[in-house]
2 protein chains.
Amino acid sequence: MNPKGYLKHIAYDSVIFGFSGEKLKILIMKYHNTGLFALPGGFVKNDEDLNDAVRRGLKERTGLDDIYLEQFYAFGSVARYKPEIMETIMKANNQALEEHSWLLDRFISVAYYALINYEDVVPTPDALSDSCDWYDVDDLPNLMLDHLDIVKKALQTLRDNLERKLVGTNLLPQLFTMKELQMVYEAILGEKLHRGTFQRKILSLGLLKRHEKQYSGAAHKAPFLYSFEQKK
Amino acid sequence: MNPKGYLKHIAYDSVIFGFSGEKLKILIMKYHNTGLFALPGGFVKNDEDLNDAVRRGLKERTGLDDIYLEQFYAFGSVARYKPEIMETIMKANNQALEEHSWLLDRFISVAYYALINYEDVVPTPDALSDSCDWYDVDDLPNLMLDHLDIVKKALQTLRDNLERKLVGTNLLPQLFTMKELQMVYEAILGEKLHRGTFQRKILSLGLLKRHEKQYSGAAHKAPFLYSFEQKK
DNA sequence: TACTTATTGTCTCAATCTGCGACAATATTA
DNA sequence: TAATATTGTCGCAGATTGAGACAATAAGTA
């Protein structure tokens with residue numbers, strides 16, 4: 001235990017994925033006056049479930065409850081212990097070091113990824129950060145510590161889980177077109193898929209409900225809208 | 001930090017799988033004079049990688065280096081915090097409570113599963129335990145805390161990874177027959193597989209090297225022996 | 001030595017799944 | 001009314017899969 005009521009040595013980091021309509025993006029925070037970029041993370045209260053701590057942090061950063069969230073790895077190498085970095089951040093924020101000395105200890109970080117609907121999020125920085133913004137997964141700033149490794153592993157896990165967990169729909173609004181869903185898959189896998197094959201495959205799962213057509217005003221046949229149907 | 005040089009609040013538990021020739025088994029420890037059964041676990045030293053801590057523990061329990069090891073989940077609910085259980089174990093071992101009070105704190109446990117060759121292991125209990133034995137995965141004793149959940153999740157992860165990671169060979173000796181490999185798959189998946197289809201599938205991967213035949217003395221055609229070939 | 005038995009390696013066949021191109025059916029603009 | 005860009009779907013060839021069948025053994029047995 002410690003004065004702030006947080007568990008020592010334990011942190012979490014979150015890779016928050018969103019889909020802009022074109023590209024896969026993640027939320028990155030920038031600390032005041034340091035030039036340091038980092039994944040949104042936080043600590044676990046003494047009387048709080050690890051999973052709940054992450055949901056709490058996600059709610060603060062995105063405003064969203066009830067997010068698709070998956071834990072994927074605990075990063076625990078000694079190499080990631082660099083107290084001088086945390087010291088830099090705290091000094092840049094005029095925080096009293098002695099009061100927060102537990103922050104300079106070694107941490108093991110449990111990493112989660114979240115899938116959210118890009119459109120209904122207003123990224124919100126925390127007290128130590130001056131921004132919290134979307135970045136393309138293949139055009140990230142220099143992340144501190146091992147946060148780039150964390151992102152890479154998140155992406156790999158997401159790819160591995162793509163079919164098993166029908167993950168794609170969590171990145172889209174309630175109603176979406178088949179083309180949009182395909183673009184999500186392509187962004188995650190990093191490769192083009194054949195249109196006919198993709199449509200056949202997805203429809204054969206029997207998990208989508210077809211709605212009215214979407215008349216976009218473009219000069220061509222209007223696509224159907226779909227929603228994800230949780231079981232039958 | 002603390003007197004013993006271990007990180008507070010962080011533990012690991014390991015689900016160590018072995019294959020007896022018939023059934024899938026895991027190593028379970030029993031604590032002195034308590035009737036409590038548990039997964040082999042341990043703590044992380046201040047200057048030690050999390051992964052290394054687990055390998056160190058595995059080496060102590062099995063005598064094996066260089067084990068197939070996979071981290072699969074960090075268990076961090078508050079519900080798993082039951083200091084009275086740890087107190088029971090320590091009292092039964094005449095340990096001084098005040099000296100080890102950090103053991104009564106809340107822990108987040110990072111769970112790993114290991115795959116080892118059943119035959120070349122001599123299970124070794126630690127100081128607090130009076131036994132360390134193999135149990136059938138579907139005939140386990142009553143495990144303390146959430147250790148049954150940990151086993152279930154380990155099995156699920158193992159199943160999910162079975163194809164992606166060619167996991168089966170880690171549970172067999174260097175040389176094995178196709179039938180033995182099939183029995184490993186069947187034990188993990190919990191279902192029978194068709195012989196011809198299995199053989200065709202495995203061979204098509206091109207990862208096995210065929211050796212001389214194994215003359216078992218039984219009255220029928222002798223099977224080939226195979227070994228796993230790491231890449232070409 | 002010839003016959004029997006259990007098991008193995010492989011093949012075949014049908015059913016299913018996949019990759020890829022093609023075609024007709026739209027919405028809208030010109 | 002024609003032109004254009006996209007969409008929903010189909011058909012086909014090739015690959016994969018599930019299930020049974022058959023010949024080839026290694027003993028044991030008569």
Base, backbone or nothing for each nucleotide of nucleotides 21-30 of chain C, written B, S, -, heavy atoms under 4.0 angstrom, 5' to 3'? BB--BBBB--
What is the distance from CD1 of A/I202 to P of D/dG8, rounded to the nearest Å? 13 Å
Residue pair B/D149 / B/R80, side-chain heavy-atom distance below 4.5 Å: no
Using atom CZ of B/F224 as one end and atom P of C/dG9 as the other, report the distance to the nearest whole Å. 6 Å
To the nearest angstrom, how far is A/L225 atom CG from D/dT7 atom P? 12 Å
In whole angstrom, what separates B/Q199's CD from D/dC22's P? 19 Å
What integer distance in Å separates B/E191:CD from D/dG18:C1'? 13 Å
side-chain contact (heavy atoms from CB on, under 4.5 Å) with A/K30: which residues, sequence neighbours excluded? A/F37, A/D130, A/S131
For DNA chain D, what residues of residues 169-181 of chain B have any heavy atom nearer than 4.0 Å? none
Test item: A/H9 side-chain N/O and A/F107 main-chain N/O as donor-acceptor pair under 3.5 Å: no
Over how many whole Å does the gap from A/F198 atom CZ to D/dT9 atom P extend? 15 Å
Under 3.5 Å donor-acceptor, A/S20 side chain and A/E22 backbone: yes
Distance-only donor-acceptor test (3.5 Å): side chain A/R200, base C/dG19: yes
Excluding sequence neighbours, so at least two apart, what forms ring pair (Phe, Tyr, Trp, His ring centres under 6.0 Å) with B/F75? B/Y73
Give a yes or no on whether A/D66 atom CG has more than 12 heavy-atom contacts from other residues, nucleotides or ligands under 6.0 Å away. no
According to the interplanar angle, ranging from 0 to 90°, do the rings of B/Y113 and B/F17 count as parallel (below 30°), tilted (30 to 60°) or perpendicular (above 60°)? perpendicular
Quick one: salt bridge (charged side-chain N to carboxylate O under 4.0 Å, His left out) pairs with a partner in residues 164-180 of chain B, sequence neighbours left out? A/D160-B/R164, B/E70-B/K165
The complete set of side chain to side chain donor-acceptor pair (under 3.5 Å) pairs with one or both residues in residues 215-224 of chain B, sequence neighbours excluded, reads none
Take the protein atom CG of A/L203 and the nucleotide atom P of D/dT7, then report the distance between them rounded to whole Å. 14 Å
Rounded interatomic separation in angstrom, taking CZ from A/R210 and C1' from D/dT7: 10 Å
